[in-house]
Amino acid sequence: FFSSRRRHTILVSDWSSDVCSSINKHRVIAVVGPESASIKRLIMENRDTIRLIDATCGKKTRSVIIMDNESIVLSTLATSTISERLNGGN
């Protein structure tokens, strides 16, 4: 799920960015916003399971990353930012 190379961060608030840089892009199925009813339901159904990885540190969820191993990652980064990073941009 996560690559073996981890970027070191100084701020706890930067953890969502750290998770994004650690995700294996070949395992990502979708990067979506959290607004739709189906995504909200998916999050609620998995809230208390190990499949849900909440990397928001209590901040607003701006994107949801769905992985091929059925993991769901919540992030404070915008979907466009994650898409750019997964496609090789900064």
Side-chain angles (χ1 to χ4, degrees):
F1 178 72
F2 292 107
S3 66
S4 60
R5 189 177 138 252
R6 260 181 69 84
R7 177 176 74 105
H8 296 285
T9 58
I10 296 170
L11 300 174
V12 172
S13 61
D14 197 26
W15 198 70
S16 183
S17 179
D18 187 43
V19 168
C20 182
S21 68
S22 299
I23 288 177
N24 181 342
K25 69 179 182 178
H26 301 292
R27 310 254 352 235
V28 174
I29 293 175
V31 179
V32 297
E35 301 85 16
S36 73
S38 59
I39 296 299
K40 287 179 182 178
R41 186 172 39 257
L42 182 68
I43 293 169
M44 291 306 295
E45 289 172 353
N46 292 285
R47 179 65 66 188
D48 295 324
T49 69
I50 60 170
R51 288 178 31 191
L52 185 78
I53 301 167
D54 189 347
T56 64
C57 295
K59 295 184 179 181
K60 181 179 177 179
T61 300
R62 296 182 63 202
S63 61
V64 180
I65 305 167
I66 301 172
M67 308 295 290
D68 67 352
N69 64 354
E70 299 183 355
S71 292
I72 303 156
V73 182
L74 306 181
S75 175
T76 59
L77 298 174
T79 55
S80 59
T81 302
I82 293 174
S83 294
E84 287 172 12
R85 290 183 183 182
L86 292 175
N87 291 321
N90 292 329

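Side-chain contact between M67 and I23 is present, with heavy atoms from C-beta onward closer than 4.5 Å.
Counting all heavy atoms, side chain and backbone alike, E35 lies closest to K40 at O-CE, 3.3 Å. Minimum heavy-atom separation, A78 to R62: CB-NH2, 3.5 Å. Looking at every heavy atom in both residues, N46 comes nearest to L52 through O-CB, 3.2 Å.
Judged purely by atom type and a 3.5 angstrom limit, S63 uses its side chain to pair as donor or acceptor with the backbone of L77.
Remark: of the listed residues I29, N24, V28, I29 is the sole one forming a side chain to side chain contact (heavy atoms under 4.5 Å, CB included) with D68.
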Notebook entry, point to check: So I39 and I66, side chain to side chain contact (heavy atoms under 4.5 Å, CB included) or not? Walk me through it.
Noted result: CA-CA 10 Å; I39 296 299; I66 301 172; 4.2 Å; yes
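To the nearest 0.5 Å, the span separating CG on L86 from OG1 on T81 amounts to 10.5 Å. The line from OG of S75 to CD1 of I53 is 11.5 Å long, rounded to the nearest 0.5 Å. Separating the CZ atom in R51 from the CD1 atom in I43 is a distance of 12.0 Å, to the nearest 0.5 Å. Between the CG atom of L74 and the OG1 atom of T56 there is a distance of 6.0 Å, given to the nearest 0.5 Å. The line from CZ of R47 to CD1 of I72 is 10.0 Å long, rounded to the nearest 0.5 Å.
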